[in-house]
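Notes follow once the structure below has been shown.
Just the heavy atoms: all of them, side chains too, but no hydrogens, waters or symmetry mates, feed the values below. A quick note: this is a predicted structure, and the numbers were derived from the prediction, not measured. Both counts, for ligands and for their atoms, begin at 1 and track the order of listing.
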Amino acid sequence: MDLIGIERYVEQVGEEMVADIVRAARPLYGLRLLHVNSTFHGGGVAGMLNALVPLMNDAGINADWNLLYGDPALFQVTKKLHNALQGEVVELSEHDKQAYLYVNEKFARYSPISRHDVVVVHDPQPLPMLRYRQKEVPWVWRCHIDLSTPHEPVWAMLKPFILRYDAAVLSSESFRKPDLPIQTHLIPPAIDPLSEVNRPLTVEEANAELFSHGINLDKPLIVQVSRFDKWKDPLGVLNVFQEVRRQVDCQLVMIGNMATDDPEGPQIYEDIVTKSGQLEDVHFITQTDELLVNALQKQAAVVLQLSRREGFGLTVSEALWKKTPVVATNVGGIPLQIWDGQTGFLVEPGDYAAAADRVIRLLSEPDLRAELGDSGHAHVRRHFLMPRLLLDWLRLLGELV
Ligand code: UDP
C-alpha cells in the first residue's frame with residue numbers, strides 16, 4: 001500500500017516529527033492560505049513551493065498558489081531589485097518603478113485574495129500588491145534574499161511596502177534588518193527528500209542518467225548546480241577547476257536551468273561558454289532535468305557552490321543529503337549548512353586558491369570525503385528537510401491567525 005501524505009517522511013524524520021506536525025496543524029484546519037510568487041519553475045522558491053503546498057494541504061490547510069503574471073519587461077526590473085537587495089549599486093528609472101507598480105496593481109485587482117485567511121508573498125516581485133488591496137487578513141512577506149547589505153536607495157524604496165505586512169520571514173539571523181520594525185521570524189528553507197532531485201538512486205541508475213547525457217566517470221567529477229547568475233560566480237568555478245586540474249585529472253559539469261523570472265541567465269551563459277574557450281573536460285548543461293541534477297550531485301566527487309551572495313543555497317543541502325562533500329562560500333544561508341571542516345568546507349567568496357586547495361584535498365582523500373559526506377547528510381536530516389519547514393510554518397500560522 002502506498003503512503004500518500006506526511007507519513008511518507010517517517011523514514012527520514014521520525015514519527016515524533018510527524019506527530020508534532022499533526023498537532024500543530026489541528027487548530028488550523030480549513031485555514032485558507034495563499035502563496036504568491038512569480039515563477040512555477042526554476043530557482044529554489046518554486047521548487048520549495050512545489051513540495052510545501054501539497055504538504056500544507058495534506059496537513060489540513062487549504063493552501064493555494066498564485067503567480068504574479070509578469071512579462072520580460074517586469075522581470076528586468078525585478079531582477080534589478082533582487083541584485084540591489086544583494087548589494088549591487090543599481091539605478092532604477094522612473095519607468096522601471098512604474099512598470100513594477102503597474103503589474104502589481106493589475107495583479108492585485110484580479111487575484112482572488114479575498115477568499116483567503118492569510119497571504120504569503122514571496123520575494124520582491126509581488127511585494128507591492130498589498131498596497132492595492134483592502135487589507136482584511138494577515139499578510140506575510142517571505143523574503144528568500146540576503147538583506148544584510150542592500151543598496152540603500154532601493155531598500156528605501158521597498159521598505160514602505162514591507163511595513164504594511166504583518167510579519168516578515170527570513171532564512172537566516174544574519175539577514176535581519178535592524179531598521180525594519182515589523183515582526184520578523186526565521187525559517188530556514190528545506191529540501192524535499194522524496195522529490196525527483198533528491199530521491200535515492202542506485203549507482204547504476206545514476207550512472208545511466210549521466211551516460212545518457214554524455215558524461216562518464218572515467219575522471220572524478222566536480223559539479224556546480226546553479227542558475228547562470230553572476231552571484232553564483234560561474235567564472236570563479238572555471239577558475240577553481242583550472243587550478244585543480246593542474247594537479248588532478250578531473251572533469252567539471254556546470255548545470256543550470258533558466259528561471260523565467262531571471263532574464264540575465266542566457267547572457268551570462270553565453271559569456272561563460274565563450275570565456276571557457278578551449279578548456280578541456282568542461283561540460284555545460286542548460287536543460288532542466290531533475291533526475292540529471294540528482295545523478296550529478298550523487299556521483300560528484302566534490303560539489304562546489306561558490307556564490308558571492310546567496311539566499312540559502314538549496315543545492316548545498318541537496319548535495320550533502322547525497323553524502324557528497326561540498327566546498328562552498330561563507331555567504332547567506334550556506335554557513336547554516338556547512339560547518340567548516342565538519343559538514344564540508346567553507347571558503348570566503350572570491351578566494352579561489354582556498355577553494356582549489358580544499359577540492360584537491362578532497363579528491364586525494366577518500367576517507368575525508370566519506371566523513372564529511374556522512375556528517376553533512378546527518379546535519380541535513382536534522383535541520384533541512386521539508387517536514388521541519390512545514391512544522392515551522394504551521395507554528396507561525398498558529399501565532400498569526
Ligand atoms: N536546479 C535545477 N536544475 C538546474 C539548476 C538548479 O533543478 O539546472 C534546482 C536546484 O536543484 C535547487 C534550485 O534549483 O533545488 C536552486 O535553488 P538555490 O537555493 O540553490 O538557488 P536559487 O536559484 O533559488 O538562487
Are more than 12 heavy atoms from other residues, nucleotides or ligands located less than 6.0 Å from atom CD of Glu152? yes
Cut-off 3.5 Å, no hydrogens considered: what does the side-chain donor-acceptor table look like for residues 266-275, sequence neighbours left out?
from   : atom 1 : to     : atom 2 : distance (Å)
Gln267 : NE2    : Asp271 : OD1    : 3.2
Thr274 : OG1    : Glu270 : O      : 2.7

side-chain hydrogen bond (donor to acceptor under 3.5 Å, both in side chains) contacts in which one or both residues fall within residues 392-401, not counting sequence neighbours: Arg388-Asp392
Please confirm whether Gln305 comes under 4.0 Å of ligand 1, counting heavy atoms of the residue only. no
Protein non-hydrogen atom below 4.0 angstrom of atom 9 (C) of ligand 1 present: no
Determine whether any heavy atom of Gly313 lies closer than 4.0 Å to an atom of ligand 1. yes
Numbered atoms of ligand 1 (with element) below 4.0 Å of Thr315, judged on heavy atoms: 10 (C), 12 (C), 20 (O)
Exercise: identify the closest heavy-atom pair between Pro150 and Lys177: CD-NZ, 3.4 Å
Kindly give the heavy-atom pair with the smallest separation between Val293 and Val225, and that separation in Å. CG1-CG1, 3.9 Å
May I ask you to check whether Trp65 and Phe40 place their ring centres under 6.0 Å from each other? yes
At a 4.0 Å threshold, what atoms of ligand 1 neighbour a non-hydrogen atom of Glu318? 10 (C), 11 (O), 12 (C), 15 (O)
Using a 4.0 Å cut-off to any heavy atom of Gly44, which atoms of ligand 1 qualify? 13 (C), 16 (C), 17 (O), 22 (P), 23 (O), 24 (O)
Closest to atom 23 (O) of ligand 1 (judged by heavy-atom distance), picking from Arg227, Met254, Lys232: Arg227
Check: Tyr132 ring centroid to Phe107 ring centroid under 6.0 Å: no
What atoms of ligand 1 come within less than 4.0 Å of a heavy atom belonging to Val225? 5 (C), 6 (C)
I'd like to know whether ligand 1 has Gly256 as a neighbour, heavy-atom separation below 4.0 Å. yes
